[in-house]
Protein chains: 2
Amino acid sequence: MSPTTETLTAERILEATEEVLRRHGPTKATVVDVARALGVSHGSVYRHFRTKAELREAVTKRWLDRASGALAAIADDGDRDPAQRLRDWFQGLFDAKRRKAGDDPELFATYSVLVDENGEVVGEHIAELVAQLTRIVEAGMASGVFAPGDPASVARALFHATDRFHDPCHAREWTRPEIQDELEAILQLLLRGLAA
Amino acid sequence: MSPTTETLTAERILEATEEVLRRHGPTKATVVDVARALGVSHGSVYRHFRTKAELREAVTKRWLDRASGALAAIADDGDRDPAQRLRDWFQGLFDAKRRKAGDDPELFATYSVLVDENGEVVGEHIAELVAQLTRIVEAGMASGVFAPGDPASVARALFHATDRFHDPCHAREWTRPEIQDELEAILQLLLRGLAA
DNA sequence: CAGATGACAGATTTCAAACTCTGTCATTTG
DNA sequence: CAAATGACAGAGTTTGAAATCTGTCATCTG
């Protein structure tokens with residue numbers, strides 16, 4: 001079975017769409033391009049995704065899910081000190097973002113456009129990240145390392161206080177040399193505020 | 001001396017430019033429009049501002065200076081508790097921003113465009129705001145209410161941790177009803193981290 | 001008959017020609 | 001003679017006609 005005769009699956013379409021987005025950028029990537037890349041007619045793509053918007057949304061979700069998967073490991077490593085786990089989680093998030101934005105700025109810009117047009121999916125992604133944070137905060141409160149409180153709203157506050165280091169609208173700042181020190185200064189202040 | 005024969009000053013040009021920007025928006029406001037509004041030829045405008053970019057920059061600076069002036073009063077009220085002054089300062093900044101964005105979204109969008117194209121002037125504006133914060137933090141450390149440290153870098157950390165509530169790239173969120181609670185949650189965490 | 005195709009209508013984007021704006025400067029005005 | 005003017009060249013923007021794309025569906029193929 002050669003690759004060109006493999007059955008057409010949603011997964012293969014998503015892979016081809018990522019490639020077309022990478023090559024053509026968010027404004028010029030068309031459904032016809034995706035079909036051409038797969039050697040099928042564009043009508044076949046519409047059998048798996050009802051609209052172009054739905055296809056772009058699915059690609060966005062896949063990308064965001066890969067990103068949150070990597071962080072879950074840090075969040076759920078229950079053996080380690082919650083304060084240190086919080087630091088590592090934020091540092092991991094920031095490093096991943098900065099690497100993506102720095103290594104391939106065009107692809108990052110492409111995904112920033114997709115993120116802007118898919119508020120719903122992004123909302124779920126952020127909810128997942130805050131849920132991971134909530135688990136760390138909960139562990140810290142349970143062990144008495146952190147002052148008691150509502151873990152979910154504390155987690156949300158931590159996430160928002162560090163927007164500068166993960167929200168793509170701040171991406172231009174991530175190349176400045178002081179940025180790492182700025183993150184550490186904020187984390188220190190937040191962790192001090194969190195301590196029992 | 002009727003208004004139309006008044007001498008042409010930089011100040012009058014800036015006022016006319018604000019009005020033209022308000023009416024036509026940032027993309028359609030031309031130097032010719034500004035000259036027409038003043039009843040002069042566009043060549044006369046170029047006697048006071050070397051380029052259109054310089055004129056737009058001057059308008060932006062004027063607007064930002066008006067904004068920081070209002071906050072300076074809170075920052076420099078030396079009689080009050082630094083912690084409460086910090087709260088009031090951030091609340092004042094947020095209220096002003098939210099009011100501008102909510103009351104006249106088109107004008108706010110216009111100034112957001114100007115802010116994007118004038119990084120230098122915005123940098124000075126932010127430096128002024130951080131300087132105001134630094135004065136509050138300094139007072140708090142001097143009086144022993146805040147833990148000792150470098151007031152300037154703590155002030156910068158406070159400013160960045162609250163980006164979500166003053167940076168125009170987050171303006172879309174400022175209409176959400178939970179936003180006030182989110183600000184208070186972050187301020188509480190930060191002030192706890194700051195306390196001696 | 002499940003899955004793929006490509007012709008098609010309406011929506012959207014592209015492209016080049018026409019137009020408007022910016023910035024300069026020789027000339028005019030008070 | 002200091003300040004203002006408006007004609008002008010080149011840069012940038014608008015506009016509408018042509019080209020392309022999206023989404024549907026009747027037809028085809030294995």
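All values reported here derive from a predicted model rather than from experimental measurement. Quick note on labels: first sequence line is chain A, next is B, and so on, each numbered from 1.
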Reckon Thr27(B) touches a base, only the sugar-phosphate, or nothing at all at heavy-atom distances under 4.0 Å? nothing

Take atom CZ of Arg36(B) and atom C1' of dC21(C), then tell me their distance rounded to the nearest Å. 11 Å

Send over the distance from Phe49(A) CZ to dA4(C) C1', rounded to a whole Å. 17 Å

Classify the nucleic acid contact of Val31(A) as base, sugar-phosphate or nothing, counting any heavy atom under 4.0 Å across all strands shown. sugar-phosphate

Determine, for nucleotides 3-13 of chain D in 5'-to-3' order, which nucleotides have protein heavy atoms under 4.0 Å from the base (write B), from only the sugar-phosphate (write S), or from neither (write -). SBBBB------

Identify the residue among Val130(A), Val137(A), Ile136(A) that makes a side-chain contact (heavy atoms from CB on, under 4.5 Å) with Thr134(A). Val130(A)

Rounded distance [0.5 Å steps], CG in Leu21(A) versus CH2 in Trp63(A): 11.5 Å

Check the distance between dG3(C)'s C1' and Tyr46(A)'s OH and give it to me in whole angstrom. 18 Å

Indicate yes or no for a side-chain donor-acceptor contact from Arg56(B) to the backbone of Asn118(B) under 3.5 Å, with no hydrogens or angles considered. no

Find the distance Lys52(A):NZ to dA11(C):P and express it as a whole number of Å. 16 Å

Round to the nearest Å and state the distance from His24(A) atom NE2 to dT14(C) atom C1'. 16 Å

So does Phe165(B) get a backbone contact from the side chain of Thr162(B), meaning a donor-acceptor N/O pair under 3.5 Å? no

Check: Gln91(A)/Glu184(A) side-chain N/O donor and acceptor closer than 3.5 Å: no

Would you call the rings of Phe108(B) and Trp174(B) parallel, tilted or perpendicular, where under 30° means parallel and over 60° means perpendicular? perpendicular

